[in-house]
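This chain uses plain numbering: 1 for the first residue, then up along the sequence. Keep in mind the model is a prediction, meaning the values are calculated, not measured.
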Amino acid sequence: MLAAFVRAFRTPDLRNKLLFTLGIIVLFRLGSHLPTPGVSYPLVQNCLETRDPTGDATSGFLNLANLFSGGALLQLSVFALGIMPYITASIIVQLLTVVIPRFEELKKEGQAGTTKMTQYTRYLTIGLAVLQSATLVTFARNPQTLFGPQCTNILTDDSFVTILIMVLTMTAGTGLIMWFGELITDRGVGNGMSLLIFISIAATFPGALWAIKNNQGWGTFLGIVVLGMFVIAAVVFVEQSQRRIPVQYAKRMVGRRMYGGTSTYIPLKVNMANVIPVIFAASLMALPGMIAQFNTDPTKTPPEWVQWVQANLTKGDHPVYMIIYTALIIFFTFFYVSITFNPTEVADNMKKYGGFIPGIRAGRPTAEYLNYVLTRITVPGAIYLAAISLIPLVALVLVGANQNFPFGGTSILIVVGVGLETVKQIEAQLQQRHYEGFLR
């Protein structure tokens with residue numbers, strides 16, 4: 001990996017792309033620490049120092065959103081919303097392709113349809129950013145929800161004009177992040193949005209590890225680092241694992257030319273759903289705690305169902321929470337894979353262009369075979385996702401870490417996945433520019 005970056009810096013055009021990407025990343029991290037107008041930076045820092053990351057009912061959702069913003073959300077910075085509105089909008093648009101026929105038609109139109117869907121995603125991102133920024137400002141006016149009862153005020157002014165400026169600033173910050181991501185994709189290296197998520201999550205690693213060292217000592221710290229290396233190796237191994245289904249294309253005459261007669265394969269990854277099921281499950285697990293919080297009156301004894309939710313579904317170290325969380329991840333893994341990969345459509349396309357799987361008849365038998373293989377692969381993939389996602393919850397019990405424990409859950413899946421994809425793109429561009437041994 002390091003050798004690929006060294007070789008890339010020796011190539012002038014790749015070096016320019018890498019430096020451009022690094023410049024965008026610097027601006028992105030600068031905006032993550034620039035406070036929003038109307039927010040007192042010293043008061044926010046004091047509240048962060050005394051905050052219990054597992055002590056509030058909305059901690060699951062807030063920790064997840066704070067993770068994707070690189071810690072900017074709880075600092076109420078210009079980029080407080082981070083990339084989360086864009087992720088949510090992308091998932092919604094992708095799911096709507098199954099429900100809305102117009103979106104399904106756009107998906108089949110190729111580049112023109114993709115451009116339109118990208119535009120819809122941008123509009124939806126801005127709309128979600130307005131809603132989420134307004135919600136965050138509401139929390140900021142009552143900071144006990146974000147930081148705990150010890151935090152009473154973080155705003156210098158709570159007038160209507162100031163609140164409106166805060167909402168517009170955070171929404172503009174989300175639009176700017178979206179533009180940064182597209183600039184990296186067009187002029188830099190790698191997928192821009194994925195890289196910004198990678199940077200946001202990686203920025204929280206040093207602080208999380210140092211907190212473990214301060215709380216548990218050097219022995220536990222070194223043990224967790226060693227364990228983290230094994231976890232990273234296991235994640236790399238599974239993320240690279242795939243089942244290759246051979247496909248043979250028959251020869252056919254088009255005019256005076258012969259086409260086909262080639263062999264290829266369909267790569268089915270073990271983890272085809274990537275990190276989406278974990279995000280779905282974490283967001284859904286945060287809903288009961290938020291509903292219970294809205295039905296809690298400080299002056300009265302809460303209802304029994306509220307007490308049960310607060311006791312079982314708001315803390316990640318509870319067995320009931322872990323069981324439901326695992327079940328949701330497995331369910332969403334199968335659900336998302338069934339949406340993103342359609343065996344019938346793949347079989348029809350193969351039949352249309354004269355392709356077939358050796359030993360399997362074209363058409364319906366091919367679709368049934370693909371569905372059978374996909375189901376067998378998705379089972380270990382779902383178990384793998386659930387096991388990785390439980391690592392932060394187990395760490396919460398063993399070493400008192402918060403649910404954003406660096407070597408598990410969404411953080412390690414995204415960091416390893418984006419890192420592998422970026423290095424692959426750099427190596428692919430290097431191979432286009434270096435021909436040593438090509439004519440040997």
Side-chain angles (χ1 to χ4, degrees), residues 86-121 124 191 193-194 238-250 252 260 262-281 283-284 327-386 413 417 421:
Y86 182 83
I87 296 174
T88 307
S90 300
I91 294 173
I92 291 174
V93 171
Q94 192 168 11
L95 293 177
L96 287 178
T97 56
V98 184
V99 181
I100 301 178
R102 171 59 179 166
F103 279 24
E104 187 176 359
E105 293 175 3
L106 288 175
K107 185 179 179 181
K108 296 178 180 179
E109 287 182 4
Q111 185 62 35
T114 303
T115 302
K116 289 184 179 179
M117 292 187 67
T118 301
Q119 197 67 19
Y120 293 153
T121 304
L124 185 57
N191 183 282
M193 297 300 179
S194 299
V238 177
E239 291 294 328
Q240 298 287 80
S241 302
Q242 58 182 225
R243 169 72 182 273
R244 296 182 176 181
I245 300 178
V247 178
Q248 183 75 33
Y249 284 92
R252 56 195 178 96
T262 59
S263 298
T264 182
Y265 59 86
I266 301 175
L268 298 180
K269 292 181 60 179
V270 173
N271 181 24
M272 290 191 65
N274 210 337
V275 76
I276 301 299
V278 183
I279 297 176
F280 278 0
S283 301
L284 201 59
L328 285 175
I329 290 175
I330 294 175
F331 167 76
F332 280 123
T333 301
F334 280 92
F335 174 74
Y336 191 75
V337 170
S338 66
I339 289 177
T340 55
F341 187 89
N342 189 343
T344 303
E345 183 179 348
V346 174
D348 291 342
N349 289 335
M350 289 171 54
K351 184 177 180 180
K352 179 180 179 181
Y353 293 102
F356 62 93
I357 299 174
I360 307 294
R361 294 182 61 184
R364 182 177 177 182
T366 298
E368 293 176 349
Y369 176 76
L370 290 175
N371 186 61
Y372 169 73
V373 174
L374 185 64
T375 303
R376 293 186 62 188
I377 287 180
T378 306
V379 171
I383 296 174
Y384 151 77
L385 278 179
L413 291 171
E421 187 64 30

remark   = Output for pair (Lys352 NZ, Glu345 CD), nearest 0.5 Å, gives 10.5 Å
request  = Working to the nearest 0.5 Å, report the span between CD of Gln248 and OG1 of Thr264.
outcome  = 10.0 Å
query = Would a 4.5 Å heavy-atom cut-off, applied to side chains only, mark Thr340 and Gln94 as touching?
reply = yes
ask   = Which value, rounded to the nearest 0.5 Å, describes the distance between Leu96 atom CG and Met117 atom CE?
value = 8.0 Å
message = Show, in sequence, the C-alpha distance, side-chain angles and deciding distance for Tyr384 and Leu413, and conclude whether the side-chain contact (heavy atoms from CB on, under 4.5 Å) test is met.
response = CA-CA 11 Å; Tyr384 151 77; Leu413 291 171; 3.2 Å; yes
task = I would like to know whether Tyr369 and Ile245 meet side-chain contact (heavy atoms from CB on, under 4.5 Å); could you show each step before the answer?
result = CA-CA 10 Å; Tyr369 176 76; Ile245 300 178; 4.1 Å; yes
Test item: Val247 and Met350 side chains (from C-beta on) under 4.5 Å apart, heavy atoms = yes
request  = Please name the residue in the list Leu385, Ile330, Asn271 that meets the side-chain contact (heavy atoms from CB on, under 4.5 Å) test with Pro277.
outcome  = Leu385
query = Where does the angle between the aromatic ring planes of Phe332 and Phe280 fall among parallel (under 30°), tilted (30 to 60°) and perpendicular (over 60°)?
reply = perpendicular
ask   = Which atom pair, heavy atoms only, marks the closest approach of Thr121 to Ala89?
value = O-CB, 3.7 Å
Heavy-atom closest pair, residues Ile377 and Arg243 = CD1-CB, 3.1 Å
message = Counting only heavy atoms from other residues, nucleotides and ligands, does the tally under 6.0 Å from CZ of Phe341 exceed 12?
response = yes
inquiry  = Within the structure provided, determine whether Met193 and Ile87 are in side-chain contact (heavy-atom separation under 4.5 Å).
reply    = no
ask   = Can you name the nearest heavy-atom pair linking Gln242 to Pro267, along with the distance?
value = OE1-CB, 3.6 Å
ask   = Given side chains that start at C-beta, do those of Arg102 and Leu106 come closer than 4.5 Å, heavy atoms only?
value = yes
key: Euclidean distance, Glu368 CD relative to Arg361 CZ, rounded to 0.5 Å   = 11.0 Å
request  = Without swapping roles, check the side chain of Asn371 against the backbone of Ala367 for a donor-acceptor pair under 3.5 Å.
outcome  = no
remark   = Here the pair of heavy atoms bringing Phe103 nearest to Thr97 is CB-CA, 3.8 Å
task = Quick one: pull up CG in Asn342 and CG in Leu374 and give me the separation to the nearest 0.5 Å.
result = 10.5 Å
ask   = Between Ala347 and Leu370, what is the shortest heavy-atom contact and its length?
value = N-CD1, 4.4 Å
